[in-house]
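First up is the structure itself, then whatever we jot down about it.
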Amino acid sequence: MEAAPSNNEVVYEFPPFLRLYKDGRQERIFVAKLVPPSIEDPKTGVSSKDVVIVRETGVSSRLYLPKITHHSQPPHQKNKKKKKKLPLLIYFHGGAFCIESAFSPFYHNYITSLVAEANVVAVSVDYRLVPDHHLPVAYDDSWASLQWVVSHSSGQGPESWLNDHADFDRVFLAGDSAGANISHNMAMRIAVQPSCGLKLLGVVLVHPYFWDLEPIGSEAKEMDKKERMDKLWSIIYPSSTGYDDPFINPMNDPKLSSLGCDWMLVCVAEKDIFRDRGWLYYETLGKSGWGGVVEIMESKGEDHVFHLFNPSSEKAPELMKRVVSFLNQDK
């Protein structure tokens, strides 16, 4: 008797992100463990809490507030000096749009440390993931999150941490890998939809996920990995036009010069397959006619998102210091 055909034949696999079966099923390979927020982190004093942004979709975020010392004042001096507000960082996590979470240990620990070092208020966005929700859902969720943040700019939003402590004249976007891709694309959308009301000062792209079919630089030395990367975009964004799509290849975007921020920091890692794309983005933006200032930092001897996997490595504090400096510059 002839065996029935198996529905478990794998036709594409890219650990730890996605597995695609012959019958069309898609499976997320890695499922992140989640950690709870902290009333006051014992190491840094940073407080965090989770909020739902869009109840209909479940899009949510983790808010972070640095330790704020309230000095006692004599009665006659109280309320004379307005409380100084802090820069606001909106962060998008990485994971190829398939894995990870704003609530995973990697991101919770990193954002807690960053908030403590930079003394900023942070919103870490938890957008919906492939394969349950293919792109452009993650972009739409991220945009909805920005609109929710903006609702606090008048001091009348639903979250007191943002109303009371966030300086909406010093707003930054940041993210790593797919989150860096989101950060760039949100800055582009802000440029074409200024009515959103968000005044964006700067963007930090850490090891950004940008791509094209034609190999550049060191990509040719890792063709096996590149070929898997080549197939990923059409799987996670089936309705995309391909690698001419500015969402994944902003270097070909004729509107790049309209990027909606004043400052940009691009961070790359020497051994990362995305390194040369990051450099190309930096060079292309610098030549595009955009009126802002773009900076770049390369971490020698390191690979993709090394600072998350090994925050105690030699280069991780250097990267942290550069990002903190960028967020704290008096621009």
Side-chain angles (χ1 to χ4, degrees), residues 2-36 50 52-54 56-62 91-110 124-142 144-145 175-182 185 207-213 219 222-243 245 247-249 272-274 277 303-306 308-309:
E2 187 176 342
S6 171
N7 288 327
N8 292 321
E9 182 179 345
V10 176
V11 295
Y12 174 80
E13 188 173 62
F14 196 175
F17 306 118
L18 202 62
R19 184 180 292 121
L20 177 63
Y21 294 94
K22 190 173 183 178
D23 64 2
R25 287 182 298 122
Q26 296 178 14
E27 177 183 49
R28 188 179 303 123
I29 296 175
F30 173 79
V31 178
K33 295 180 180 179
L34 307 183
V35 295
D50 297 341
V52 175
I53 292 175
V54 184
E56 294 79 5
T57 61
V59 174
S60 55
S61 69
R62 181 160 290 179
Y91 195 91
F92 302 99
H93 71 80
F97 299 99
C98 302
I99 64 170
E100 275 301 337
S101 166
F103 312 132
S104 76
F106 284 138
Y107 287 100
H108 177 74
N109 293 337
Y110 175 69
S124 184
V125 177
D126 199 58
Y127 51 87
R128 289 174 288 173
L129 300 174
V130 176
D132 306 287
H133 305 280
H134 291 87
L135 293 175
V137 167
Y139 296 127
D140 294 338
D141 288 349
S142 299
S145 300
D176 62 277
S177 196
N181 175 297
I182 291 174
N185 283 298
H207 311 164
Y209 169 34
F210 300 137
W211 205 246
D212 198 356
L213 288 176
E219 291 171 6
E222 299 184 76
M223 286 307 294
D224 287 347
K225 187 173 184 179
K226 186 186 186 310
E227 288 172 2
R228 282 184 290 165
M229 285 298 313
D230 289 345
K231 297 174 183 177
L232 182 63
W233 182 247
S234 64
I235 295 172
I236 64 177
Y237 198 166
S239 61
S240 170
T241 57
Y243 285 107
D245 192 331
F247 278 116
I248 188 64
N249 193 357
D272 185 6
I273 195 170
F274 296 118
R277 299 289 167 184
D303 210 333
H304 195 62
V305 296
F306 71 93
L308 298 178
F309 295 125

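All heavy atoms count here, side chains included; hydrogens, waters and symmetry mates do not.
In terms of modelled atom types and a separation under 3.5 Å, the side chain of S177 and the main chain of G179 share no donor-acceptor contact. Using modelled atom types, one side-chain atom of N109 and one backbone atom of P105 make a donor-acceptor pair closer than 3.5 Å.
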Worked check of side-chain contact (heavy atoms from CB on, under 4.5 Å) between F97 and L135:
CA-CA 8 Å; F97 299 99; L135 293 175; 3.5 Å; yes
Should Y139 and F247 be marked as a ring-ring contact (aromatic ring centres under 6.0 Å, His included) after you check the CA-CA gap, both sets of side-chain angles, and the distance that decides it?
CA-CA 9 Å; Y139 296 127; F247 278 116; 4.4 Å; yes
Should H207 and D303 be marked as a side-chain contact (heavy atoms from CB on, under 4.5 Å) after you check the CA-CA gap, both sets of side-chain angles, and the distance that decides it?
CA-CA 9 Å; H207 311 164; D303 210 333; over 6 Å; no
Starting from the C-alpha separation in whole Å, work towards a yes-or-no answer on side-chain contact (heavy atoms from CB on, under 4.5 Å) for D141 and V125.
CA-CA 9 Å; D141 288 349; V125 177; 5.9 Å; no
Quick one: do I248 and Y243 satisfy side-chain contact (heavy atoms from CB on, under 4.5 Å)? Show the steps, please.
CA-CA 7 Å; I248 188 64; Y243 285 107; 3.8 Å; yes
Salt bridge (charged side-chain N to carboxylate O under 4.0 Å, His left out) assessment of D230 paired with K226:
CA-CA 6 Å; D230 289 345; K226 186 186 186 310; 2.7 Å; yes
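In plain terms, the two heavy atoms of A178 and A96 that are nearest each other are CB-N, 3.7 Å. Here the closest non-hydrogen pair linking I236 and C98 is CG2-SG, 3.8 Å.
For the atom pair K33 NZ and F106 CZ, the distance stands at 10.5 Å (nearest 0.5 Å).
The environment of NZ in K225 is crowded: more than 12 heavy-atom neighbours from other residues, nucleotides or ligands sit within 6.0 Å.
Two rings, from H304 and F274, have their centers less than 6.0 Å apart.
Paired with H93 under the rule ring-ring contact (aromatic ring centres under 6.0 Å, His included), one option of Y209, Y110, Y107, F103 passes, and it is Y107. When each of E9, E13, E27, Q26 is checked for a side chain to side chain donor-acceptor pair (under 3.5 Å) with Y21, only E27 meets the rule.
The pair D140-R128 fails the salt-bridge criterion, with no side-chain N (NZ, NE, NH1 or NH2) lying under 4.0 Å from an Asp/Glu carboxylate O.
For N181 and N185, the side-chain atoms include at least one donor-acceptor pair closer than 3.5 Å. Looking only at atom types and distance, the side chain of R25 has a donor-acceptor partner in the side chain of N8 under 3.5 Å away. Side chains of S101 and D126: a donor on one and an acceptor on the other come within 3.5 Å.
In this structure, the side chains of L20 and I235 come closer than 4.5 Å at one or more pairs of heavy atoms. Residues D176 and F92 form no side-chain contact, since every pair of their non-hydrogen atoms from C-beta on lies 4.5 Å or further apart. With contacts defined as side-chain heavy-atom distances shorter than 4.5 Å, the pair L232/Y12 qualifies.
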